[in-house]
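Note sheet for the following structure.
First the proteins, then the strands, lettered A, B, ... as listed; each starts at 1. Model, not experiment: these values are computed from the prediction.
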Amino acid sequence: MINGKREKIKKILSEPEFGKEVTVYGWIRTARFSKNVYFISINDGSCFDSLQLVIDDIESTPKNLLLTGATVKAVGKIVESPGNKQKCEMLVKSLEVIGKSDEKYPLQKKRHTLEFLRTMPHLRSRTNTLFAVFNIRNELARAVHNYFQNKGFLYLNSPILTKSDCEGAGEMFQVTTLKLDEIDKNANPLDYTKEFFKEPVNLTVSGQLEAEPYALSHGEVYTFGPTFRADPSTTPKHASEFWMIEPEMAFYDFEDLMILIEDFIKSVTRNVKDSCPSELAFFKKFINKELDKRYDAILNNKFEKITYTEAIDILRKSKKNFENEPVWGEDLFSEHERYLTDEYFKKPVFVTDYPSSFKAFYMRENEDGKTVACLDLLVPYVGEIITGSQREERYDVLKRKIEEKGMDENVYEWYLDIRKWGSAPHSGFGLGFERLIMYLTGMENIRDTIPYPRNKGKIY
RNA sequence: UCCAGCUUGGCUCAAUCGGCAGAGCAUCCGGCUGUUAACCGGAUGGUUGGGGGUUCGAGUCCCUCAGCUGGAGCCA
């Protein structure tokens, strides 16, 4: 028995029982050797902080095996530490290297660049930075589930393989069992009779359309799963495979939607702040000195609400020299969004009621006939993290919009059905999980918030 | 897809006008009475991303290819 006799470092550090002899297993982060005593910091994965092992009996300790990255088993007594960086440490009675390392081990104890670490996703989670990122990611996931579960939302597993394209949410990955070099590319239309599903199927770009029907049976639902977009972008904010949280709620109008989003973001942010103090202290020290301001911006502010029309007005009145002139009827550019969040408001901003011309067909048409009840939530430094809207629940209006946008009505028959029978006002939004992680950790590249990132031209 | 920048020991970076490729860390050896990403002394380690060109001489200039990074667009 190993695990049954193993004490986790998290428990030792959080509730130390001085004088107790325990057995720990872990990986060497740093080792410091002086004449009469060795210090080894080990991490066992149970928490961000390491345990310091103090070795007095240096005669029988194989110093040359105590390399960064090696796995050790240590038995010893937990004592108060005279050093000021930790409150307790282990006086080692016996130490055994059970998994060797060597001089080729690529991780040094000094800082590496994140680009270098990206080349080794199988090892980088052993570094402080990535270790902390994935702890935050886990806490945030827990917080998301807790939030919706406590509110009685149904966790819906929307399909990964799907026929729907969510109308231009992004480029799709087509899934096929056919051998690409055996396909008759000249056939028009392509012959799908030999295809597995007998028709084209893609990886999902959004679970929203599939979630809406469940909102009209279960009232309040949310999805939380992987999403795939074959966009050619390789920007720090885009990944080909990322996770989205997509709640859909019946009997929520646009105002209800904004209240929920603000409460939700504040709740999960508070949760991360309270449960990951060691990680956040680390990020503040090494990644982003102004991390506190980001938490302040969310926790101690009412989110700003402006309409798209007001946003255009603010931008046009600003003295800022934009490369792209803000014009009503055209979408906001990145530089415009950045100005609003980073310079003008310096806190999260809802930009609402965009012109329907460049927004999706399912967004509910406003009384003016020109704009729709939609929102983007913009946050400082990261930009857009949420898109949401009240959904068009009126059968006739939705049908008209589908026609106007030149979409194939047959494909959306099922989607129209839920407006035909028992329709109800409903709203929903999509949150890019990794973008929130970026905001809450200060990490500047989405590839450093995903265990195994995927991008155009690169599958790590 | 477009634009810009970068590529030098295992890692992070220097190298002035085109003139002897260098430092810190890692590793190894030695030292140090409790260290904190320890410290002190020494050693090992290089076809300067690949290919081509200009030049007496190229890390440095030119062409080309590749990879990476950033920006734009698109989006979450």
Side-chain angles (χ1 to χ4, degrees), chain A residues 28-41 49-56 58 63-64 67-69 79-86 89 91 101-120 127-129 166-171 205-208 226-246 282 285-286 323-324 330-335 337-338 358-360 376-379 382-388 429-439 444-447 449-450 455-458:
Chain A
I28 297 177
R29 282 288 173 81
T30 66
R32 297 173 289 277
F33 306 103
S34 58
K35 192 176 184 184
N36 300 317
V37 60
Y38 297 166
F39 298 95
I40 298 168
S41 292
D49 296 307
S50 297
L51 176 68
Q52 174 160 280
L53 307 182
V54 183
I55 301 169
D56 282 324
I58 61 172
K63 179 181 170 186
N64 59 332
L67 300 172
T68 305
V79 297
E80 271 188 87
S81 175
N84 58 5
K85 297 256 174 166
Q86 60 277 318
E89 60 191 19
L91 274 182
S101 186
D102 62 31
E103 72 285 354
K104 296 264 173 63
Y105 185 64
L107 302 178
Q108 60 184 34
K109 56 190 173 185
K110 286 274 181 182
R111 171 133 72 164
H112 287 289
T113 60
L114 293 164
E115 295 89 74
F116 174 69
L117 294 174
R118 253 171 245 152
T119 65
M120 45 188 86
T127 64
N128 283 332
T129 304
C166 206
E167 194 255 339
E171 295 297 313
V205 291
S206 164
Q208 179 202 320
T227 305
F228 306 87
R229 300 206 180 158
D231 296 329
S233 314
T234 51
T235 80
K237 291 182 197 169
H238 290 82
S240 306
E241 179 179 335
F242 64 100
W243 281 55
M244 270 216 291
I245 295 146
E246 297 183 285
F282 175 84
K285 188 173 174 190
F286 289 107
E323 274 187 36
N324 304 282
E330 285 177 23
D331 209 347
L332 299 181
F333 286 83
S334 292
E335 55 174 339
E337 296 183 350
R338 266 202 303 277
F358 56 82
K359 285 295 178 179
D376 284 349
L377 178 63
L378 311 178
V379 297
V382 175
E384 185 181 328
I385 60 169
I386 282 179
T387 292
F429 68 91
L431 165 69
F433 186 49
E434 287 82 4
R435 289 195 180 169
L436 187 53
I437 298 173
M438 289 169 73
Y439 183 86
E444 288 179 350
N445 194 309
I446 197 168
R447 280 163 275 180
T449 65
I450 306 177
N455 272 101
K456 182 168 196 269
K458 194 84 187 174

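If you take CD of A/Glu115 and P of B/C6, they are 15 Å apart, rounded to a whole angstrom. Rounded to whole Å, the distance from CD on A/Glu335 to P on B/A72 is 8 Å. Between the NZ atom of A/Lys359 and the P atom of B/C74 there is a distance of 11 Å, rounded to whole Å. Taking atom OH of residue A/Tyr38 and atom C1' of nucleotide B/C32, one finds them 12 Å apart after rounding to whole Å. Rounded to a whole Å, the CD1 atom of A/Ile28 is 16 Å from the C1' atom of B/U36. The distance from atom CD of A/Glu444 to atom P of B/C68 is 20 Å, rounded to the nearest whole Å. When the P atom of B/C74 is taken as reference, atom NZ of A/Lys456 falls 18 Å away, rounded to whole Å. With rounding to whole Å, A/Phe39 atom CZ is found 12 Å from B/A38 atom P.
If you take atom P in B/C68 and the same atom in B/A21, they sit 32 Å apart, rounded to whole Å. With P as the reference atom, B/C2 and B/C62 are 22 Å apart, rounded to whole Å. B/G53 sits 15 Å from B/G18 when the C1' atoms are compared, rounded to a whole Å. Straight-line distance between the C1' atoms of B/A23 and B/U33: roughly 32 Å, to the nearest whole Å. Using P as the reference atom, B/U55 and B/G50 are 23 Å apart when rounded to the nearest Å. When the P atom is used for both B/C13 and B/C56, the distance is 36 Å, rounded to whole Å. Taking atom C1' in both B/G42 and B/C32, the straight-line distance is 15 Å, to the nearest Å. B/G24 and B/A38: their C1' atoms are spaced 15 Å apart (whole Å).
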### Task
Start with the C-alpha distance between A/Thr30 and A/Arg32, add both sets of side-chain angles, then the distance that settles side-chain hydrogen bond (donor to acceptor under 3.5 Å, both in side chains), and finish with yes or no.
CA-CA 7 Å; A/Thr30 66; A/Arg32 297 173 289 277; 2.9 Å; yes

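Nucleic acid contact class of A/Ser81 (heavy atoms, under 4.0 Å, all strands): base. Looking at heavy-atom distances under 4.0 Å, A/Asn84 makes contact with a base. Heavy atoms of A/Glu434 sit nowhere under 4.0 angstrom from any nucleic acid atom. Residue A/Ser34 is classed as a base contact, given a heavy-atom separation below 4.0 Å to a base. Across all strands, A/Lys237 comes closer than 4.0 Å to base atoms (heavy-atom distances). Within the 4.0 angstrom heavy-atom criterion, no nucleotide atom of any strand lies near A/Leu431. As judged by a 4.0 angstrom heavy-atom cut-off over every strand, A/Phe333 is placed among residues touching the sugar-phosphate backbone only. Here A/Glu89 lies in heavy-atom contact (under 4.0 Å) with a base. Residue contacts for A/Ile386: at a heavy-atom cut-off of 4.0 Å it reaches the sugar-phosphate backbone alone, with no base atom in range. As judged by a 4.0 angstrom heavy-atom cut-off over every strand, A/Arg118 is placed among residues touching the sugar-phosphate backbone only. A/Phe429 comes within contact range of no nucleotide atom at all, as no heavy-atom separation falls under 4.0 Å. At a threshold of 4.0 angstrom between heavy atoms, the contacts of A/Lys63 with the nucleic acid are absent.
B/G19 and B/C56 make up a base pair, with Watson-Crick or G-U wobble contacts both under 3.5 Å. In a base pair of the Watson-Crick type (N1 to N3 plus N6-O4 or O6-N4) or a G-U wobble (N1-O2 and O6-N3), with each distance short of 3.5 Å, B/G41 is matched with B/C29.
Glycosidic conformation at B/C17 (O4'-C1'-N9-C4 for purines, O4'-C1'-N1-C2 for pyrimidines): syn, within 90° of 0.
If you check B/G73, B/U33, B/U36 against the side chain of A/Asn36, the one that comes closest is B/U33. Nearest to the side-chain atoms of A/Thr68 among the listed nucleotides B/U27, B/G34, B/U69 stands B/U27.
Within the 4.5 Å cutoff, no side-chain heavy atoms of A/Ile28 are placed close to those of A/Leu67. You'll find the side chain of A/Ile446 stays beyond 4.5 Å of the side chain of A/His238, heavy atoms only. Counting heavy atoms from C-beta outward, A/Leu107 and A/Leu117 have side chains that approach closer than 4.5 Å.
In this structure, A/Ile386 CD1 and A/Leu377 CG are separated by 5.0 Å, a value rounded to the nearest 0.5 Å.
In terms of modelled atom types and a separation under 3.5 Å, the side chain of A/Ser101 and the main chain of A/Thr68 share a donor-acceptor contact.
In this structure, A/Asn455 and A/Arg447 approach most closely via the heavy-atom pair OD1-CD, 2.9 Å.
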Atom pairs under 3.5 Å, N or O on each side, protein against nucleotides 11-14 of chain B: can you list them with distances?
{"from": "B/C11", "atom 1": "O2'", "to": "A/His112", "atom 2": "ND1", "distance (Å)": "3.0"}
{"from": "B/U12", "atom 1": "OP1", "to": "A/Thr113", "atom 2": "OG1", "distance (Å)": "2.8"}

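A/Asp376 and A/Thr387 form a side-chain donor-acceptor contact under 3.5 Å, judged by distance and modelled atom types alone.
For A/Gln86, the CD atom is densely surrounded, since the number of other residues' heavy atoms within 6.0 Å is greater than 12.
Of the two residues contacting RNA chain B, namely A/Phe433 and A/Glu323, the nearest-nucleotide position lying further toward the 5' end is that of A/Glu323.
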